[in-house]
Amino acid sequence: MTKRRKRGDTRGARVARSTRSLDNRLGLARPLRAAMNKVFPDHWSFLLGEIALYSLVILILTGTFLALFYEPTQRDVVYRGSYVPLRGVPMTRAFETTLNISFDVRGGLIIRQMHHWASLLFLAGIVAHMLRIFFTGAFRRPREINWVIGLLLFWLGFVEGFAGYSLPDDALSGTGLRIAHAIILSIPVVGTWVATSLFGGEFPGTEILPRLYIVHVLLVPGLLLTLVAVHLGIVVRQKHTQWPGPGRTEHNVVGVRMVPGFAGRSSGFFMLVFAIVALLGGLFQINPIWIFGPYQAAVVSAATQPDWYVWFLDGALRLLPPWELRLFRYTVPPAFWAGVVLPGVLTMLALAYPWVEQRRRISGDRPHHLLQRPRDVPTRTALGAMALAFYLVLALSAANDVIAYKFHVSLNAIVVAGRIGLLLLPPLAYYVTHRVCLALQQHDREVLVHGMETGIMKRLPSGRFVEVHQPLGPTDEHGHGELEYGGWTVPKRINQVGGIVPPVRGFFRPIEEPVGEREPDEHEVRAGKGSGTSRDG
């Protein structure tokens, strides 16, 4: 005998009753509604951080697959696998299992290459995101903590990448481990003890790969996920930064809601990042360990460059002078200055910069939610260009042996040129960038005063030809514009203000429509004071 359902007891009504019952017990409706109504700014530069996040997801997925077949042991074996040129060659079990993943596991090679490409993209996304944060001033109060978290994420990604890079135990990764061992040994007083403890004895020891494996698959990923969660939580709790523009103030956020606009776009963007990583893993070879062969402590090949994020450290080891100090009974070798002091100083300067800039301001600091154009802060932009020039010289110096070989010049001459460049190029980059920023500021203000160039020539009674300028707003009795600079793009052409045909949104290059041409669609909302829709922050 079946129980008769009440009239109107549809499936939708039953689902509604179930969800209400669940909400009465857990109270999820309000936070979920707030999360779905969260507003995100609509600008391409905000996608840089998402690239790093999605690359981390790809790293976790591909790394889980690789962990099923990799064995982190330095036990000696003789290779009997599918790769014929290495059959009968003595090697460690770690190198053998990596070869097996590449040649004997179905799909193993593409997953392994995807994992490596995703790691490079992960660090590149973090660096690009941090550069965007720096040059636009998004690190200012109240976001100093997230700036610190970003730097910690970079160095954790650095350690994670180096640990994973070392696990195959091939000739290239073994050379990198030997350099790391030398840097640790250079630390005064405790260097020998730290190196012996990490490697389980003299280099190469028998414990370093198992320990790096735990660091790579358990310790650092856990710290990365924790910091990413904290970072995203702070972003959700604080108000989003946004570019200045019409209707955008320090008290609101103009953009798209989490559902459906931002969630749909982010899902599609994740698929795009995954597809690009898969394309790189399938078509572009990276880290072919079978060509390098197993690591031998007495064999170091030429052109042994690490991944891109280690270039500056490798270049510093090659460029810095061989300074050796003797303090009391201890010797401070040259590797200590390039491998420990320089990265430490650069990191501390970057960590302290938000507070240093706050102290430089004459007026009291306040929370900032509107971004700054790099040209409007020439000193900060010039410092960033100076740092990039410093990094570029070190990165190029990491391949000075290859440059010397390919261009048939003396390696010593390349080293001297790198040292000179390290002293001259950063100040030159600072000066040029500072002057360019001032020139761009002047150009924007000239357009605000004199108007836009129209391309229409007018002949004066004196016979002189002048170009007619279109004012951007009201003018005084002398014909000069009265508009003030608002911290955003100043239109330089007629079609940028709707004088010809209103530009439409593109696919690869979104183009802002002129102000006042249309009303916001149903997915574009404004959150903040006085909006009446949803509060952000």
Is any side-chain heavy atom of Leu225 closer than 4.5 Å to one of Ile60? yes

Between Tyr309 and Phe154, ring centroids under 6.0 Å: no

Could you tell me if the side chain of His115 sits less than 4.5 Å from the side chain of Leu59, heavy atoms only? yes

When you measure from the side chain of Gln305 to the backbone N and O of Ala398, does any donor-acceptor pair fall under 3.5 Å? yes

Counting C-beta onward and ignoring hydrogens, is there a side-chain heavy-atom pair between His216 and Glu160 closer than 4.5 Å? yes

Could you tell me whether the side chain of Ser119 and the main chain of His116 form a donor-acceptor pair under 3.5 Å? yes

Verify, without hydrogens or angle tests, whether Thr97 (side chain) and Ala94 (backbone) share a donor-acceptor contact under 3.5 angstrom. yes

Heavy-atom donor-acceptor pair, Trp147 side chain to Ala350 backbone, under 3.5 Å: yes

Could you grab the distance from atom NZ of Lys38 to atom CZ of Arg257, nearest 0.5 Å is fine? 13.0 Å

Can you check whether Pro378's main-chain N or O pairs, donor with acceptor, with His434's side chain at less than 3.5 Å? no

Please check: side-chain N/O of Gln113 versus main-chain N/O of Gly281, any donor-acceptor pairing under 3.5 Å? yes

Presence of salt bridge, Asp169 and Arg93, under 4.0 angstrom: no

Is the side chain of Arg143 donor-acceptor paired with the backbone N or O of His368 at a distance under 3.5 Å, no angle test? yes

Given the side-chain rings of Phe336 and Trp323, with only the six-membered ring counted for Trp, is the space between their centroids under 6.0 Å? no

Output field: ring centroids Phe134/Tyr353 closer than 6.0 Å: yes

Would Thr98 and Arg112 count as a side chain to side chain contact (heavy atoms under 4.5 Å, CB included) if you check the C-alpha gap in whole Å, the side-chain angles of each, and the deciding distance to 0.1 Å? CA-CA 9 Å; Thr98 309; Arg112 181 174 156 266; 3.7 Å; yes

Judged by atom type as modelled, is there a donor-acceptor pair below 3.5 Å linking the side chain of Tyr430 to the main-chain atoms of Leu425? no

Is there side-chain contact between Asn400 and Val415, with at least one heavy-atom pair below 4.5 Å? yes

Are any non-hydrogen side-chain atoms of Leu177 and Phe162 less than 4.5 angstrom apart? yes

If you take the centroid of each ring, where Trp contributes its six-membered ring, are Tyr83 and Tyr79 closer together than 6.0 Å? no

